[in-house]
Structure formats: structure tokens, C-alpha cells
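Along the sequence shown, residues carry numbers from 1.
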Amino acid sequence: MGANEGTITAIESKKQYSEYLFIAYLSYMSLYIICISAIEHFFNENPIYKIGNYIALILAIFTLVPLIRKVPTDFLIQPLIINKKRISCALTHGLIICLVFGGAMILLKYLLLKFAPETLVRCQPFFYTARLMPGKITSNTLIYPFTAFWQEYFMNVMGYDGMRTLLVGNHKKHKAVSMVALFFGAMHFTYGFTMILLTMLFVLFMNNIYRRTHNLWVCCLVHIILGQLLFTLQLQKITISVF
């Protein structure tokens, strides 16, 4: 019996070690992409670095495959359950959050326009509502609700919950959300370094909502509304420069 227990312990230790390697690999790839994007943004390096970013991102995504296979089916399905309580929570909490932080986003653009207009050269007019008008709505705008849902599911269920429960344990929640923020920010490198920073902060913000409400649908509603407001205000085009 003692020998069997020793074998099981050895297997579990090896399994845990391999899982920490996965996390280390994802962290390294994400940081690589973010750092290279920062160098390209501030120092105008050769865009050929983007090829390396694509390769790194693809390798990092494929690294997630063996992790996903370890997640029980009910672990993935439970957050998707829709009932009256969850929908009511999504509408009440979600709309309040959107009003508060949506107002903060509008105030941010106003203050930047007043005190640092050079950062908003590409963010005119104040509200770019034409992007939502018939005939000018892009396919990206139309599928944004589905994109927002997938991103919230990926970040909070597969990413945060998965890594916290299966990889690093419940007591390591901050390490799990940091990893998800890095990886999700890296996925947006094609939109520029400013967007990487915004999405990383957005992940931390949305994950905080998820941990407080335990409701995926609150996150989806907030993501859809604030995401569309961000693009209407064109805050993703803010210019950040050290020179």
C-alpha cells in the first residue's frame, strides 16, 4: 500500500509540475508579445516583429489544448445556465455598472480633450455614432455580442476558473487572473500597444465583476455595452508616446 501511495504521489507531483510549466510558457509567450509590441510602438521597430507575435500567439493557444481536456464537462456548462435569478441580476447589476463606468469613460475623453488633446488626434468626433448607422455598420459590430460572450467565457470560465481550480489552487486566484490578463492582452496585439493595455485592464475589471457576482451574464452585458461605447468614443485610438 505504501509503495502504491508513493507512486501516486510521484505521478501527482509530475502532473502538477507539467501544469506549472504550461502556465510559465503562457506567461512567457504573453510577455514576449506585449514587450515586442511596446518596442514597436515606442521605437518604431521593423513590423517584421509582428510575424513573431503571430507565431508566439498560435503556439500559446495550442498550449491550452491539453488544459481544456482536463476540465470536466459540468465545469464548462454550469456558468451557461440561464434562469430568472441570473437574468435579473445581469440586468440590475449590469446596467448600474454600465452607467457608472460608461459615465467615467465619457468623462475621461472630455478631460483628455481639455487637458491633453494631442492624445486624441485620431479620436474625433467626440461620439462616432455613424459607425452604428444603417449602411455603415461593420460585420465586426454586428457580431460583437457573440464576440463579447466568447471572450467572457474564455477569460472567466476557461481561463480564470480553469487555472484557479485545476492548476494553481483556489488560494492562488490573483496569479490566475494575472495570467489571463496577460494572455488576453497579448491576443490584441494587432490593434496596437494602447489596445493591449486597455484590454489587460479590462480583463482585471471584468474578472472582479465575475468574482463578485458569480454570474457570467452580468459580464457579457457589461462587455457588450462598454465595448461598444469604447469604440463609439474611439478610446482605443488614444495616442501614447514618450517622445
Side-chain angles (χ1 to χ4, degrees), residues 33-34 37-38 40-42 44 50 53 90-156 177 180-210 212-213 215-243:
I33 292 171
I34 293 169
S37 298
E40 184 181 338
H41 177 85
F42 290 115
N44 297 318
K50 287 186 181 294
N53 285 355
L91 291 174
T92 54
H93 289 71
L95 292 178
I96 291 173
I97 292 169
C98 287
L99 283 173
V100 172
F101 287 92
M105 290 166 65
I106 294 172
L107 178 62
L108 171 65
K109 182 163 185 180
Y110 171 78
L111 292 175
L112 287 175
L113 198 60
K114 190 177 179 76
F115 298 105
E118 68 279 0
T119 65
L120 299 177
V121 174
R122 300 170 57 234
C123 305
Q124 303 295 334
F126 195 95
F127 289 105
Y128 179 41
T129 54
R131 60 181 291 276
L132 302 173
M133 296 296 106
K136 293 189 177 182
I137 297 178
T138 65
S139 57
N140 286 337
T141 301
L142 292 175
I143 67 172
Y144 191 77
F146 302 99
T147 303
F149 162 75
W150 166 246
Q151 289 179 346
E152 289 304 318
Y153 186 74
F154 173 81
M155 286 189 299
N156 291 313
V177 70
V180 174
L182 281 175
F183 187 63
F184 194 68
M187 289 179 68
H188 287 77
F189 80 90
T190 54
Y191 296 97
F193 185 64
T194 302
M195 196 61 172
I196 288 177
L197 296 180
L198 285 174
T199 50
M200 288 174 65
L201 292 173
F202 190 65
V203 167
L204 298 177
F205 170 64
M206 295 306 300
N207 183 259
N208 185 266
I209 295 174
Y210 181 70
R212 290 177 179 274
T213 64
N215 190 332
L216 180 68
W217 304 110
V218 174
C219 298
C220 290
L221 181 64
V222 172
H223 192 143
I224 291 169
I225 295 176
L226 293 187
Q228 290 293 6
L229 180 59
L230 175 111
F231 292 120
T232 301
L233 291 169
Q234 302 181 83
L235 293 179
Q236 82 280 9
K237 294 182 179 180
I238 290 176
T239 304
I240 301 175
S241 179
V242 294
F243 301 108

K.L.:
Are Arg212 and Val218 packed together at the side-chain level, in the sense that at least one heavy-atom pair is separated by less than 4.5 angstrom?
P.N.:
no
K.L.:
For Ile238, run the side chain to side chain contact (heavy atoms under 4.5 Å, CB included) check against Leu120, Val121, Leu197 and tell me which one passes.
P.N.:
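The residue from Leu120, Val121, Leu197 that satisfies side chain to side chain contact (heavy atoms under 4.5 Å, CB included) with Ile238 turns out to be Leu120.
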K.L.:
To the nearest 0.5 Å, tell me how far Leu107 CG sits from Lys114 NZ.
P.N.:
11.5 Å
K.L.:
Could you check whether the rings of Phe184 and Phe154 sit parallel, tilted or perpendicular, using 30° and 60° as the cut-offs?
P.N.:
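Because their plane-to-plane angle lies in the 30° to 60° range, the rings of Phe184 and Phe154 count as tilted.
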K.L.:
Would you check if Val222 and Phe205 make a side-chain contact, meaning some heavy-atom pair closer than 4.5 Å?
P.N.:
yes
K.L.:
Can you tell me if Phe127 has over 12 outside heavy atoms packed within less than 6.0 Å of its CZ?
P.N.:
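More than 12 within 6.0 Å, yes.
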K.L.:
What I'd like to find out is whether the side chain of Tyr210 reaches to under 4.5 Å of the side chain of Glu152, using heavy atoms alone.
P.N.:
no
K.L.:
Could you tell me whether Phe126 atom CZ has more than 12 heavy atoms of other residues or ligands within 6.0 Å of it?
P.N.:
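Result for CZ/Phe126: enclosed.
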K.L.:
To the nearest 0.5 Å, what is the distance between CE (Met187) and CD1 (Ile33)?
P.N.:
9.5 Å
K.L.:
Can you tell if the side chain of Leu182 reaches within under 4.5 Å of the side chain of Met200, non-hydrogen atoms only?
P.N.:
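Yes. Closest side-chain heavy atoms under 4.5 Å.
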K.L.:
I need the Thr213 OG1 to Ile97 CD1 distance, nearest 0.5 Å.
P.N.:
7.0 Å
K.L.:
What's the shortest heavy-atom distance between Ala116 and Thr119, and which atoms?
P.N.:
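So the minimum-distance heavy-atom pair works out to O-OG1, 2.8 Å.
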K.L.:
Nearest 0.5 Å please: distance from the OG1 atom of Thr199 over to the NE2 atom of His188.
P.N.:
5.0 Å
K.L.:
How far does CG of Leu216 sit from CG of Leu221, to the nearest 0.5 angstrom?
P.N.:
11.5 Å
K.L.:
Between CG of Leu113 and CG of Leu108, what distance do you get to the nearest 0.5 Å?
P.N.:
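With rounding to 0.5 Å, CG (Leu113) is 11.0 Å from CG (Leu108).
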K.L.:
Any sub-3.5 Å donor-acceptor pair from Lys109's side-chain atoms to Leu235's backbone N or O?
P.N.:
no
K.L.:
Indicate, with yes or no, if the rings of His223 and Phe202 have centres closer together than 6.0 Å.
P.N.:
yes
K.L.:
Could you tell me whether a side-chain N or O of Gln234 sits under 3.5 Å from a main-chain N or O of Gln124, the two making a donor and an acceptor?
P.N.:
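Present.
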K.L.:
Only one of Asn207, Asn156, Asn208 passes side chain to side chain contact (heavy atoms under 4.5 Å, CB included) with Val177; say which it is.
P.N.:
Asn207
K.L.:
Does any non-hydrogen side-chain atom of Met195 lie less than 4.5 Å from one of Leu230?
P.N.:
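A side-chain contact exists here, since the closest heavy-atom pair is under 4.5 Å.
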K.L.:
Under 4.5 Å between any side-chain heavy atoms of Phe193 and Ile34, yes or no?
P.N.:
yes
K.L.:
Search all heavy atoms of Leu226 against all heavy atoms of Cys98 and return the closest pair with its distance.
P.N.:
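Taking Leu226 first and Cys98 second, the nearest heavy atoms are CD2-O, 3.9 Å.
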K.L.:
Might you confirm whether atom NE2 of His93 has over 12 heavy atoms from other residues, nucleotides or ligands at distances under 6.0 Å?
P.N.:
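Incorrect, the count does not exceed 12.
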K.L.:
If we count only N and O atoms by modelled type, under 3.5 Å, do the side chains of Thr232 and Arg131 hold a donor and an acceptor together?
P.N.:
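Yes, a side-chain donor-acceptor pair sits under 3.5 Å.
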